[in-house]
There are 2 protein chains.
Amino acid sequence: MTTEETSALFKALGDQTRLRILALLSLREHCNCELVSIFGISQPAVSRHIARLKESRLIHERRQGQWVYYSLNRALWEQLPSFPHMVEDLVAHDPLVRHAKTTVAQCSLPGE
Amino acid sequence: MTTEETSALFKALGDQTRLRILALLSLREHCNCELVSIFGISQPAVSRHIARLKESRLIHERRQGQWVYYSLNRALWEQLPSFPHMVEDLVAHDPLVRHAKTTVAQCSLPGE
DNA sequence: CGGGCACATAAGGATATAATTATAAACAGA
DNA sequence: TCTGTTTATAATTATATCCTTATGTGCCCG
């Protein structure tokens, strides 16, 4: 994952309603209207949260008749790297971090 | 972690500059002015990012004379639960999720 | 003391986010 | 086709975020 993809993932997770949606979808699939009645927010609001989670590929959707059932993308969810591993990835691949690693910072250093 | 604390943690991580700061601090401690020269943004901007990371207890600071050296809170960082574990925690402890789990969601309510 | 350096905080502005209402699109069934 | 239901998108508004410049605070040293 690039730094941009990583921050986008965390942004998608940085909302209480979206976290609760993921928790509910980890138990079973739900349609949009069920989530509306659970959270007490408008249908478009739920739809927007779902869209953000789909952009990060965190959930799948299954159309059945006029309903759309959402479910957790378990393959992706369970394979997300641990926090320490994510930072290791940044150190290894982020150009700015790699560059800073091998460069002397430009502020006046104590003891020099 | 409560749902609010979890979303606050993810919000703190949902920024490329803050992710890079964490990556740099995982290698060694840095002072504010070093980060300014690395990122090419203003000193107050760095200070605000640092403040946000401190609010989530992700970094420590060590004062030495007029400098403040920041470092990764490794004890916290390495003990952060995995993504699947976080969702399990939400399912177990979030009141709204727990309630929804034992309630039949209704879509179109008749008579309204 | 007082000046200079490092960091924190405040104020202001541009952009992003998340909610709402209104509307469009897709589908089922009479 | 017409009607009702479900979901997606558009427009709007309020709030949050992130940057800048300006200013305040704390420490070192002359």
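Each chain gets a letter, A, B and so on, in the order its sequence line appears, and its residues count up from 1.
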Protein-nucleotides 25-30 of chain C N/O pairs under 3.5 Å:
none

Would you mind reading off the distance between A:Gln16 atom CD and D:dA16 atom P, rounded to a whole angstrom?
13 Å
Given atom NE2 of A:His49 and atom C1' of C:dA18, what is their separation to the nearest angstrom?
6 Å
Tabulate below the donor-acceptor pairs under 3.5 Å that side-chain atoms of residues 90-97 of chain B make, not counting sequence neighbours, or state none.
from    : atom 1 : to      : atom 2 : distance (Å)
B:His93 : ND1    : B:Asp89 : O      : 3.3
B:Asp94 : OD1    : A:Arg20 : NE     : 2.9
B:Asp94 : OD1    : A:Arg20 : NH2    : 3.1
B:Asp94 : OD1    : B:Thr3  : OG1    : 2.5
B:Asp94 : OD2    : A:Arg20 : NE     : 3.0
B:Asp94 : OD2    : B:Leu96 : N      : 3.0
B:Asp94 : OD2    : B:Val97 : N      : 2.9

Stretch residues 40-47 of chain A: residues that reach within less than 4.0 Å of DNA chain D through a heavy atom
A:Gln43, A:Pro44, A:Ser47
Side-chain heavy atoms of A:Pro81 within contact of A:Met1, under 4.5 Å:
yes
Residue pairs passing the side-chain hydrogen bond (donor to acceptor under 3.5 Å, both in side chains) test where at least one lies in residues 65-84 of chain A, sequence neighbours excluded:
A:His60-A:Asn73
Roughly, in whole Å, what's the span from CG in A:Leu35 to C1' in D:dT7?
12 Å
Taking atom C1' of C:dC5 as reference, at what distance in whole Å does atom OH of B:Tyr69 sit?
13 Å
Can you tell me the distance, in whole Å, between the CZ atom of A:Phe39 and the P atom of C:dA18?
14 Å
NE2/A:His30 to OG/A:Ser37 distance, rounded to the nearest 0.5 angstrom?
9.5 Å
Touch check for A:Tyr70, heavy atoms < 4.0 angstrom, all strands: base, sugar-phosphate only, or nothing?
sugar-phosphate
To the nearest Å, how far apart are A:Asp15 CG and C:dA16 C1'?
13 Å
To the nearest 0.5 Å, tell me how far B:Leu9 CG sits from B:Leu58 CG.
6.0 Å
Residues in side-chain hydrogen bond (donor to acceptor under 3.5 Å, both in side chains) contact with A:Arg28, at least two apart in sequence or another chain
none
Taking for A:Glu61 and for A:Lys11 the nucleotide of DNA chain D with the nearest heavy atom, the one nearer the 5' end belongs to A:Glu61
B:Arg48 side-chain N/O to D:dT20 phosphate OP1/OP2 under 4.0 Å
no
Looking only at side-chain atoms of B:Cys31, point me to the closest of C:dC7, C:dA19, C:dT17.
C:dC7
For residues 44-54 of chain B, tabulate all N or O donor-acceptor pairs below 3.5 Å that involve a side-chain atom, not counting sequence neighbours.
from    : atom 1 : to      : atom 2 : distance (Å)
B:His49 : ND1    : B:Arg18 : NH1    : 3.0
B:Lys54 : NZ     : B:Glu61 : OE1    : 2.6

Considering just the side-chain nitrogens and oxygens of B:Arg52, establish if one lies under 4.0 Å of OP1 or OP2 belonging to D:dC18.
yes
For B:Arg62, is the CZ atom crowded, meaning more than 12 foreign heavy atoms sit under 6.0 Å from it?
yes
Whole Å only: how far is the CZ atom of B:Arg20 from the P atom of D:dC18?
14 Å
Which value, rounded to the nearest 0.5 Å, describes the distance between A:Glu5 atom CD and A:Arg57 atom CZ?
8.5 Å
Rounded to whole Å, the CG-C1' distance (B:Asn32 to C:dC5) equals 12 Å
